[in-house]
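Beneath this line is the structure, given in structure tokens, with notes to follow.
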Amino acid sequence: MTVDAPPPPLTDAPLMRDWIDISPAGGVTFLSGRVELGQGNSTALLMMVADELGVSSDAVTLETARTDRTPNEGFTAGSMSISFGGQALRCAASALLVQMLDAAGERLGCPPQELRVEDGEILRHGVSTGLELLDFVAAADLSCRVADLARPKAGGERWKTFRDMPRIDLKERLVGAPFVHDMAAPDMLHGAPVHPPSLHSALVSLDLDALMARPGVVEVVRDGSFVGVVADSPLASARAAEWAAKNGTWEATRIEAIDPVEVIAGSTADAETVVETGDVNRNIGRWYETTVTRPYIFHGSIGPAAAVAVWEGDEATVWTHSQGVFQLRKAMAMALRTAEEKLRVIHSPGAGCYGHNGADDVAFDALLMARAVPGRQVKVVWSRHDEFRAAPMGAAMATRVRALLGPDNVLTAVDVMVNSAPHTSRPGAGGTPNLRAAAYLENPIRPARSPDVPAARGGGADRNAAPTYKVDAVRVQRRLVHDLPYRSSALRSLGAHNNVIAIESLMDDIANDIGLPPLDFRLQHMTDQRSRDVLERIAVETREAREVSLPEGAGWGLGFARYKGTGGYCAVMVRIEVDGDVRVTDAFAVADVGEAVSPDGVKNQVEGGMLQSISWTLKEAVQVDGSSTTSKSWADYPILKFSEVPRVSVELVERPGAFPLGAGEISQGPTGAAVCNAVRAALGIRVRNLPITRGAIIAAANA
Amino acid sequence: MPEFREVSCRVNGENRSFVVDPMMPLLHVLRETLGLMATRFGCGEGTCGSCTVMVDGQAVMSCDLPAGEVAGKRVETAEGLDGDPPHPLVAAFLDHQAGQCGYCLPGILMAARALLEGESTPPSRARIAEALDGNLCRCGVHARILDAVEDAARHMIRR
Ligand code: FES
Ligand code: FES
């Protein structure tokens, strides 16, 4: 075994043919179970393969996520694509390279150790041999085990020829039509679901004949409380579905008005201790405490969830922008009580994906509707209202942090209690489909109670609830609140957003109380060099901007965390101005994500995370009434606009050869924290209930 | 039943005629009748900007505009920016890698183009931001987009 610890995906898919396909004409295709979610994954994966082989990136192709062809790598989530999926592909490429260079060595009569590849050409002792690497594909034996052959390039050997390849798919996204929304077929039909207003309502009456007679309607599907309209154009299906929503009646089983954040914060459900490094029941020193809450948050992708499905006999194909095609297949088969093998699920791009959104639900909607029109593709694109009413949301939370400041201003204990709705209800998890429509079919399968994400996978509610600082005794408890009538699941960074805000708010409060600069107080509680590096660097990056004197109502704030305690490091500083509303004028970040396969791609992710987090922290709250969400359109759910966007700067601490740690989610928590701390610095008011709107500031001032 | 009628206009420089319900939103005509799928559906209610096109030089949200109203007018969509060489805006967006999922981008390109074609000097960053305020981007690419539009402005507007 040449690879000491093969990346986990190689355990389930050990053979070269699991990862590589060679066409009769000699074309090499790498197969990845990871999907492109708009974050540049496929570009990065292709770069890793090309770099390992020493060929240009257009010499090979990449096929991603389809149940009939690629390995099953689980969900593309949690910033693990490059760490695991990319390393596995690199190993597969390495194994192929070894076989091809063996063959080349034989031809040249030299040991393969004398050969290397540059720009597709085989060099011997650095001198051209006139041979092209890919002319040796015939020598590949894909039945070999990757781990038996792979000797992936070490840090210093990588990235000799190219860095920062631009996104392979960006041009098409600018002026073309790459999305599942854009698929077209000559006799394609268009479906629209008529989802009950909430998970707790049932259809009482709807005149299906009258619905069938609406303009353009081809078929109406009803199964239990699920209704779908299939029509000859997207507009006809949308209008018929609107008509049905207006003319049908549904009965809700839960209607009591509640404030979800209050219910969550006040929950006395059983708490589970997830971290305990010492006894936090001490009393030498002074206890500080804060509680930060956030409401439910929408994913709010600009393109609503969409899918295409077609049935041929008892088999179906579904095109989807799901994060996990194999998991979706299993969930749909479970809901339909059919065999998984009957379904083929193929990934096709969707609009920005920030976690478990409506992609899986709409795929199942399409499958249900397409069953009524066998042989014809049915495309379903949710309406904006569907998107806001039917998709899972980011969980509402309340995080209470207590910290004991001992003698010498050293923290000796931190005690965290996270109350939260669950952060996962992914398809198939817990033995139920967890697909929206499955919950109200004639034979319903309601979602199982979510156990949330286990600590081994970074935790859900408790993600980043343990501070990234050195403290003698830390206890983290999590209290999952299940009895709210809403559906929540994974949204970018899960609990880390609220938890990092809570911890960093308290760090700031304590530093202020004892008169220490917040940065120095944090550094005093850091032993880990990589954490110190990003924190010291953010001070340098912002020095010049911070020297400019601040007008009234302006302030700077800092936030820091190492994502999941094991992932990327990120420090953020923002400058804000408050004039009724809070406006972030400048945002700086320094990140260490290990080896950055594409440094510009990493910066783009960190930057996007910062702007999204600013939007969550300052503006976003889902409105609810009884068991339904009442935010129907963007007008009811404002997000950050162009004119509200700060100047942004992201710097990376480069670590060539270091294990890649993922970048997509590292900036959510630190940015939110920096904003909250800047508000305190600017106004002297600690706002503890997000979002920090004008009203929340007034409420906090009067509290 | 709606009355269908023939509508003729210029789309990306070509004469096009189609028979439609004149009240049908232009967005659907572009996507379904003309197969121009780069103009995207995001909300259908005029609140996100992903369907933005240019009509006689002005940025409009095509989900909100009855197709009958473009009769005799010039309609421009993002497909029209895909030349060789590409339009300066597309070149600048590629240069700055100003995009993640890209769902919002065609609409933003058209809003930016309408702004820049109407200016005689390169507009300020604040003015660009204001012109793009009707266009939402959830991936948080705003800062790069503003950089790219500023860059394109320098190429498109020469005093
Ligand atoms: S789709 Fe037209 S503004 Fe949203
Ligand atoms: S790039 Fe995804 S919405 Fe703008």
Side-chain angles (χ1 to χ4, degrees), chain A residues 37-40 164 166-167 169-179 181-182 184 190 215 233-235 238 299-304 349-354 381 383-384 387 587 600-601 604-605 607-615 633-635 639-648, chain B residues 1-2 21 24-25 27-28 31-32 35-38 40-45 47-50 77-82 86-87 89-90 93-95 97-109 125-126 128-146:
Chain A
L37 300 172
Q39 77 288 56
D164 258 343
R167 285 274 297 272
D169 50 352
L170 186 56
K171 172 87 178 297
E172 209 192 355
R173 286 166 190 256
L174 279 159
V175 293
F179 296 103
H181 309 66
D182 307 326
H190 300 268
S233 79
L235 195 62
H299 289 246
S301 187
I302 300 305
C353 172
Y354 321 105
V381 179
S383 68
R384 178 51 50 191
E387 184 72 24
D600 185 65
N604 202 344
Q605 283 295 301
E607 195 174 311
M610 292 164 78
L611 295 181
Q612 195 175 62
S613 179
I614 290 172
S615 184
S633 75
W634 288 118
I639 62 172
L640 200 72
K641 295 188 294 186
F642 271 94
S643 58
E644 297 167 330
V645 162
R647 279 179 291 273
V648 184
Chain B
M1 261 319 194
D21 166 4
M24 177 185 266
L27 172 65
H28 292 276
R31 289 185 62 87
E32 304 301 320
L36 295 172
M37 296 270 195
R40 293 176 187 145
F41 170 86
C43 69
E45 345 176 279
T47 53
C48 76
S50 27
T77 71
E79 278 95 348
L81 303 179
D82 185 16
H87 189 276
L89 271 164
V90 174
F93 274 62
L94 290 172
D95 228 35
Q97 290 287 291
Q100 283 183 27
C101 79
Y103 202 87
C104 64
L105 295 179
I108 288 174
L109 284 172
R125 198 174 173 93
I128 297 170
E130 196 188 310
L132 297 182
D133 251 0
N135 293 77
L136 302 178
C137 171
R138 185 55 156 170
C139 296
V141 191
H142 308 72
R144 283 174 183 242
I145 290 172
L146 292 173

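Predicted model, so just to flag it, every value in this text is computed and none were measured. Each chain gets a letter, A, B and so on, in the order its sequence line appears, and its residues count up from 1.
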For a quick test of reading the model, state the closest non-hydrogen atom pair linking [X] to [Y] and the distance between them.
X        : Y        : result
B:Ala38  : A:Ala177 : N-CB, 4.5 Å
B:Gly102 : A:Phe179 : C-CZ, 4.1 Å
A:Ile639 : B:Arg138 : CG2-NH1, 3.7 Å

I'd like to know which of [options] tops the heavy-atom pair count under 4.5 Å against chain A.
options                              : result
B:Arg144, B:Glu130, B:Glu79, B:His87 : B:Arg144
B:Pro25, B:Gly42, B:Gly35            : B:Gly42
B:Ala143, B:Cys139, B:Ser50          : B:Cys139

Relative to chain A, which segment of [X] carries a heavy atom at a distance below 4.5 Å: side chain, backbone, both, or neither?
X        : answer
B:Ala126 : neither
B:Glu32  : side chain
B:Ile108 : side chain
B:His28  : side chain
B:Leu132 : both
B:Ala98  : backbone
B:Leu27  : neither

Beyond-backbone contact of [X] with [Y], side-chain heavy atoms, under 4.5 angstrom:
X       : Y        : result
B:Gln97 : A:Pro166 : yes
B:Asp82 : A:Leu174 : no
B:Phe41 : A:Pro304 : yes

Do you know which of [options] has the most heavy-atom pairs under 4.5 Å to chain B?
options                                : value
A:Ser233, A:Ala184, A:Gly303           : A:Gly303
A:Leu640, A:Val648, A:Leu235, A:Leu611 : A:Leu235
A:Ser613, A:Gly609, A:Gly608, A:Ala238 : A:Gly608
A:Gly300, A:Ser301, A:Pro646           : A:Gly300

(request) Without swapping roles, check the side chain of A:Arg173 against the backbone of B:Leu105 for a donor-acceptor pair under 3.5 Å. (result)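 Answer holds: no.
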(request) Could you tell me whether a side-chain N or O of B:Asp133 sits under 3.5 Å from a main-chain N or O of A:Lys641, the two making a donor and an acceptor? (result)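 Flag not set: sc B:Asp133 to bb A:Lys641 has no pair under 3.5 Å.
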Segment of [X] engaging chain B (4.5 angstrom heavy-atom cut-off):
X        : result
A:Ser633 : both
A:His190 : side chain
A:Ile614 : neither
A:Ala351 : both
A:Ser615 : side chain

(message) Checking B:Thr47 now: which residues fulfil side-chain contact (heavy atoms from CB on, under 4.5 Å) with it, not counting sequence neighbours?
(response) A:Trp634, B:Cys43, B:Glu45
(message) Would you compute the distance between atom CG of B:Leu146 and atom OG of A:Ser643 and round it to the nearest 0.5 angstrom?
(response)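 Atom-to-atom, B:Leu146:CG and A:Ser643:OG are 10.0 Å apart.
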(request) Using side-chain contact (heavy atoms from CB on, under 4.5 Å) as the criterion, point out the one residue from B:Met37, B:Arg31, B:Arg40 that pairs with A:His181. (result)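 Passing option: B:Arg31.
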(request) Please name all residues satisfying side-chain hydrogen bond (donor to acceptor under 3.5 Å, both in side chains) with A:Gln605, sequence neighbours left out, ordered by chain then number. (result) B:Gln100
(request) Any chance you could lay out the side-chain contact (heavy atoms from CB on, under 4.5 Å) test for B:Leu109 and A:Val175, step after step, and finish with the verdict? (result) CA-CA 9 Å; B:Leu109 284 172; A:Val175 293; 4.3 Å; yes
(request) Mind running side-chain contact (heavy atoms from CB on, under 4.5 Å) on A:Phe642 and B:Leu136 for me, showing each step along the way? (result) CA-CA 8 Å; A:Phe642 271 94; B:Leu136 302 178; over 6 Å; no
